[in-house]
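Notes to accompany the following structure.
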Amino acid sequence: MIFVDVTVVAIILSVLILLLLLLLFLPISVVIDSEVPHAFFQYKWIGEGWIWYEDEWWLSFRIFFFKKKMLLSGIKRNKRQIEKKPGLKRKNNTLSFKKLIRIIRTFRVREWKIGIDTGDHALTAQLYPLNFVPSLFRHVRINFTGENYLSIKMDNNAWRILYAYLR
């Protein structure tokens with residue numbers, strides 16, 4: 001019989017709990033910019049990913065020391081058919097709309113910009129005074145140049161997402 005000291009087990013358990021807490025409280029950052037078509041996702045110290053457009057959509061990610069860059073159109077799905085048995089009902093594990101809204105609301109927007117040109121000069125002229133509203137001054141740009149874009153930077157933590165999902 002192998003005898004393990006209680007202090008060794010306690011140290012191992014406390015290290016595992018600290019790692020789990022670290023994963024729950026590390027910041028998650030998301031940056032989406034349609035002006036320069038790209039998106040960036042970062043889980044601090046764990047990994048990051050990018051999606052961008054250069055004649056085709058590309059995906060690049062890094063998890064710890066593993067890096068991968070690939071063309072999104074090169075990813076193929078497995079089209080294997082799953083046999084359904086007539087007597088068994090499967091539980092639907094899809095994410096409900098209510099849960100999805102709760103998860104989206106956990107994100108904290110740090111910075112955002114939007115540029116709007118409706119294409120209709122009369123409607124754009126009616127929206128133009130929004131450029132001078134003090135709370136929207138640096139965020140909204142109504143223009144007549146045909147520029148439409150959205151740029152947003154958001155932060156979150158895994159514990160907030162988990163709490164919103166389980167709630």
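For the numbers below, each heavy atom of this structure counts, side chains included, while hydrogens, waters and symmetry mates do not.
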Whether S151 side chain and K113 backbone form a donor-acceptor pair below 3.5 Å: no
Heavy-atom donor-acceptor pair, D33 side chain to H38 backbone, under 3.5 Å: no
Gap separating the CZ atom of R108 from the CG atom of N157, nearest 0.5 angstrom: 9.0 Å
L130 with Y149, same ILVMFWY side-chain cluster at under 4.5 Å: no
Point-to-point distance, once rounded to the nearest 0.5 Å, from CD1 of I51 to CZ of F40: 12.0 Å
side-chain contact (heavy atoms from CB on, under 4.5 Å) evaluation trace for L16 with L20: CA-CA 6 Å; L16 288 175; L20 179 65; over 6 Å; no
D5 vs T7, side-chain hydrogen bond (donor to acceptor under 3.5 Å, both in side chains): CA-CA, chis, key distance, verdict: CA-CA 5 Å; D5 193 11; T7 56; 2.8 Å; yes
Ring geometry between W159 and F25 (parallel below 30°, tilted from 30 to 60°, perpendicular above 60°): tilted
Considering all heavy atoms, the nearest R160-D155 contact: NH1-O, 4.2 Å
Single-linkage hydrophobic cluster I17~L24, side-chain heavy atoms < 4.5 angstrom: yes
CZ/F144: more than 12 non-hydrogen atoms of other groups inside 6.0 Å: yes
Rounded distance [0.5 Å steps], CD1 in I116 versus CD1 in I142: 4.0 Å
Nearest-0.5 Å distance, CG of residue L71 to CH2 of residue W58: 5.0 Å
Under the side chain to side chain contact (heavy atoms under 4.5 Å, CB included) test, residues paired with R167 that sit two or more places apart: R102, Y163
Crowding at NZ, K44 (>12 non-hydrogen neighbours, <6.0 Å): no
N/O donor-acceptor pair under 3.5 Å between Y43 side chain and L23 backbone: yes
Geometric class of the F61/F66 ring pair [parallel <30°, tilted 30-60°, perpendicular >60°]: tilted
Same apolar cluster: W45 and I161, side chain cutoff 4.5 Å: yes
Parallel, tilted or perpendicular, as decided by the 30° and 60° cut-offs, for the rings of W112 and H139: parallel
Atom pair OG1/CG of T118 and N148 - distance to nearest 0.5 Å: 8.5 Å
Common cluster, F137/V109, ILVMFWY with side-chain heavy-atom separation under 4.5 Å: no
Worked check of side-chain contact (heavy atoms from CB on, under 4.5 Å) between D117 and T145: CA-CA 7 Å; D117 181 10; T145 59; 5.8 Å; no
Pairwise distance CG(L21) to CG(L26) - rounded to 0.5 angstrom: 10.5 Å
Nearest non-hydrogen partners of T106 and A164, listed with the distance: CG2-CB, 3.6 Å
Main-chain N/O of I28 paired to N156 side chain as donor or acceptor, under 3.5 Å: no
Path from F64 to L59 over hydrophobic side-chain contacts below 4.5 Å: yes
